[in-house]
Asker: 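First the structure, then my questions, so here it is.
The first residue of the sequence shown is numbered 1, and numbering continues consecutively from there.
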Amino acid sequence: MNVTLITEFLLMGFPDDQVLQRLYAAFFSLVYLVALMGNLLIITLTTIDQHLQTPMYFFLKNLSLIDICYISVTVPKSVMNSLTNSHSISFVGCASQVFLVVFFAGTEFALLLVMSYDRYAAICCPLHYEAIMNRGACVQMVRASWFSGCLCGSIHVGGTFSVHFCGPNIVHQFFCDIPSLLMLACSGEQILEYVFIIISSVFLFVCFTFMVASYIYIVSTVLRIPSSQGRFKTFSTCMPHLTVVTLFLSSGYIAYLGSASKSPSSLNLLMPVFYSLLPPSLNPVIYSLRNKDMKVALGKIFG
């Protein structure tokens, strides 16, 4: 095997044209600022407003914190590379990106699962909701979400960088992602990480099954409500969460299909934008625009 000792990688996600790189940098900076301001606003509202001290908003505050960390892992480095025309990232920096991206993505998925259980308990077990979703239980669920994300990130960064790299150190993305790095690995050494990916996929499918089951119970409970206005009001509390789950899973699925091809086409290069930029930037919009309590709290701040 022609093993190459790599001390740094080159992130060649975008064309070499300076004008296009500046446009990408401007677009990424704008999206990053929107995501940062939106999520910080949600964290502020759910912290200072006494009417937003319920389990649902406690989980939402953690979701916003995850989104800030998630988008901050990749976008600032990419913008800096575009502005300075420097594409390099150190080996340790690349490994850190892989760990943190998987860490925050795994934590977000686990937290979305917890939030679906919260909606199930609120709608299907309203009389026992306060006992089920007490303060201690909510904190433990959030801790479990962060721990599961950390465990997932540790496993995948270990599996990805347990290989030897053969050939060039060029990563055809704007950040270090696992599919692009595995393409640089020596033939036959990706087995361990592929096993980890299969195990993670099975675990995510099981979690997704529980999420679907909770919404089946929610829908069946909502349909038994006599008045149509009551059905709409009850189900509307689930719509933001359902929209965020759909956006998060569909963007990741589209990106995964795009990375299946080994040719670094323009479409494949832009696929990770779906799961790295869209969820963190759109989650605040979804929760703030469709949530009456959030709009009331926002109105109090701005008089």
Asker: Looking at CD1 of Ile218 and CG of Leu223, how far apart are the two atoms once the value is rounded to the nearest 0.5 Å?
Answerer: 12.0 Å

Asker: For Gly188, is there any backbone N or O sitting under 3.5 Å from a side-chain donor or acceptor partner on Gln190?
Answerer: yes

Asker: Distance from Ile71 atom CD1 to Ile66 atom CD1, nearest 0.5 Å?
Answerer: 14.0 Å

Asker: So, Asp67 and Ser64: side-chain donor and acceptor under 3.5 Å apart, yes or no?
Answerer: no

Asker: Checking Phe9 now: which residues fulfil ring-ring contact (aromatic ring centres under 6.0 Å, His included) with it, not counting sequence neighbours?
Answerer: Phe91, Phe165

Asker: What I'd like to find out is whether the side chain of Asp118 reaches to under 4.5 Å of the side chain of Met141, using heavy atoms alone.
Answerer: no

Asker: Going through the distances and angles, do Leu111 and Trp146 end up as a side chain to side chain contact (heavy atoms under 4.5 Å, CB included)?
Answerer: CA-CA 8 Å; Leu111 190 60; Trp146 284 92; over 6 Å; no

Asker: Relative to the ring of Phe28, is the ring of Tyr24 parallel (under 30°), tilted (30 to 60°) or perpendicular (over 60°)?
Answerer: perpendicular

Asker: Please give me the minimum heavy-atom distance between Pro280 and Ala35, naming the atom from each residue.
Answerer: O-CB, 3.8 Å

Asker: Say whether Val219 and Met211 are linked into one hydrophobic cluster, either directly or through other cluster members, by side-chain heavy-atom distances under 4.5 angstrom.
Answerer: yes

Asker: Mind checking whether Leu83 and Leu30 sit in one hydrophobic cluster, side chains of I, L, V, M, F, W, Y counted as touching below 4.5 Å?
Answerer: no

Asker: Is the closest side-chain heavy-atom distance between Cys207 and Phe109 below 4.5 Å?
Answerer: yes

Asker: Does the side chain of Cys176 reach to within under 4.5 Å of the side chain of Ile89, using non-hydrogen atoms?
Answerer: yes

Asker: Side chains of His87 and Asn85: does their closest heavy-atom pair fall under 4.5 Å?
Answerer: yes

Asker: Check whether any side-chain heavy atom of Val157 lies under 4.5 Å from a side-chain heavy atom of Val102, and answer yes or no.
Answerer: no

Asker: Could you pull out the closest heavy-atom pair between Gly159 and Ser162, with the gap in Å?
Answerer: O-OG, 2.9 Å

Asker: If only atom types and distance count, is the side chain of Asp49 paired as donor or acceptor with the main-chain N or O of Leu45 below 3.5 Å?
Answerer: no

Asker: A quick test of your reading: do over 12 heavy atoms of other residues, nucleotides or ligands sit less than 6.0 Å from CZ of Phe208?
Answerer: no

Asker: Pairs in or reaching into residues 34-57: which pass ring pair (Phe, Tyr, Trp, His ring centres under 6.0 Å), with residues at least two apart or in two chains?
Answerer: none

Asker: Distance from Leu63 atom CG to Asn39 atom CG, nearest 0.5 Å?
Answerer: 7.5 Å

Asker: Are Leu277 and Val75 side-chain neighbours, meaning at least one heavy-atom pair lies under 4.5 Å?
Answerer: yes

Asker: Of the non-hydrogen atoms in Ser145 and Val114, which two are nearest, and what is the gap between them?
Answerer: OG-CG2, 3.7 Å

Asker: Are Val139 and Tyr129 joined in one hydrophobic group, where the rule is that I, L, V, M, F, W and Y side chains link up if heavy atoms are under 4.5 Å apart?
Answerer: yes

Asker: Whether Arg119 engages the ring of Tyr217 as a cation-pi pair (distance to the six-membered ring centre under 6.0 angstrom, angle to the ring normal within 45°) should be assessed.
Answerer: no

Asker: Tell me, with the steps shown, if Ser72 and Tyr32 meet side chain to side chain donor-acceptor pair (under 3.5 Å).
Answerer: CA-CA 8 Å; Ser72 298; Tyr32 180 68; 2.9 Å; yes

Asker: To the closest 0.5 Å, what do you measure between CZ (Phe99) and SG (Cys152)?
Answerer: 10.0 Å

Asker: Can you confirm whether more than 12 heavy atoms, excluding those of Glu130, are under 6.0 Å from its CD atom?
Answerer: no

Asker: A side-chain contact here means heavy atoms from C-beta on lying under 4.5 Å apart; do Leu112 and Phe59 qualify?
Answerer: no

Asker: Are side-chain heavy atoms of Tyr117 and Ile132 found at a separation under 4.5 Å?
Answerer: yes

Asker: Looking only at side-chain N and O atoms, does Tyr120 offer a donor or acceptor that is under 3.5 Å from a partner on Thr221?
Answerer: no

Asker: Please name the pair of heavy atoms, one in Val79 and one in Ser29, separated by the smallest distance, quoted to 0.1 Å.
Answerer: CG1-OG, 3.5 Å

Asker: Begin with the C-alpha distance, continue with both residues' side-chain angles, and end with the deciding distance and a verdict on side chain to side chain contact (heavy atoms under 4.5 Å, CB included) for Val222 and Ile123.
Answerer: CA-CA 8 Å; Val222 169; Ile123 295 175; 4.2 Å; yes

Asker: Check step by step if side chain to side chain contact (heavy atoms under 4.5 Å, CB included) holds for Glu8 and Asn169.
Answerer: CA-CA 7 Å; Glu8 67 175 10; Asn169 62 338; 4.2 Å; yes

Asker: Does the pair Tyr70 and Val101 meet the rule for a side chain to side chain contact (heavy atoms under 4.5 Å, CB included), with working shown?
Answerer: CA-CA 6 Å; Tyr70 184 38; Val101 166; 4.1 Å; yes

Asker: Would you say Leu192 and Ile178 are hydrophobically clustered, going by side-chain heavy atoms of ILVMFWY under 4.5 Å?
Answerer: no

Asker: Run the side chain to side chain donor-acceptor pair (under 3.5 Å) test against Thr44 and tell me which residues pass, sequence neighbours left out.
Answerer: none

Asker: Going from CG on Leu181 to CD on Gln173, what distance comes out if it is rounded to the nearest 0.5 angstrom?
Answerer: 10.0 Å

Asker: Is it the case that the side chain of Thr160 and the backbone of His156 share a donor-acceptor pair, with hydrogens and angles ignored and the cut-off at 3.5 Å?
Answerer: yes

Asker: Answer with yes or no whether the hydrophobic clustering places Tyr215 together with Val206; edges join I, L, V, M, F, W, Y residues whose side-chain heavy atoms lie under 4.5 Å apart.
Answerer: yes

Asker: Restricting to non-hydrogen atoms, name the atom on Glu193 and the atom on Leu182 that form the minimum distance, rounded to 0.1 Å.
Answerer: CG-CD1, 3.8 Å

Asker: Taking all non-hydrogen atoms of both residues, which atom of Ser180 and which atom of Asp177 are closest, and how far apart?
Answerer: OG-OD1, 2.6 Å

Asker: How long is the straight-line distance from CZ of Phe210 back to CG of Leu113, given to the nearest 0.5 Å?
Answerer: 8.5 Å

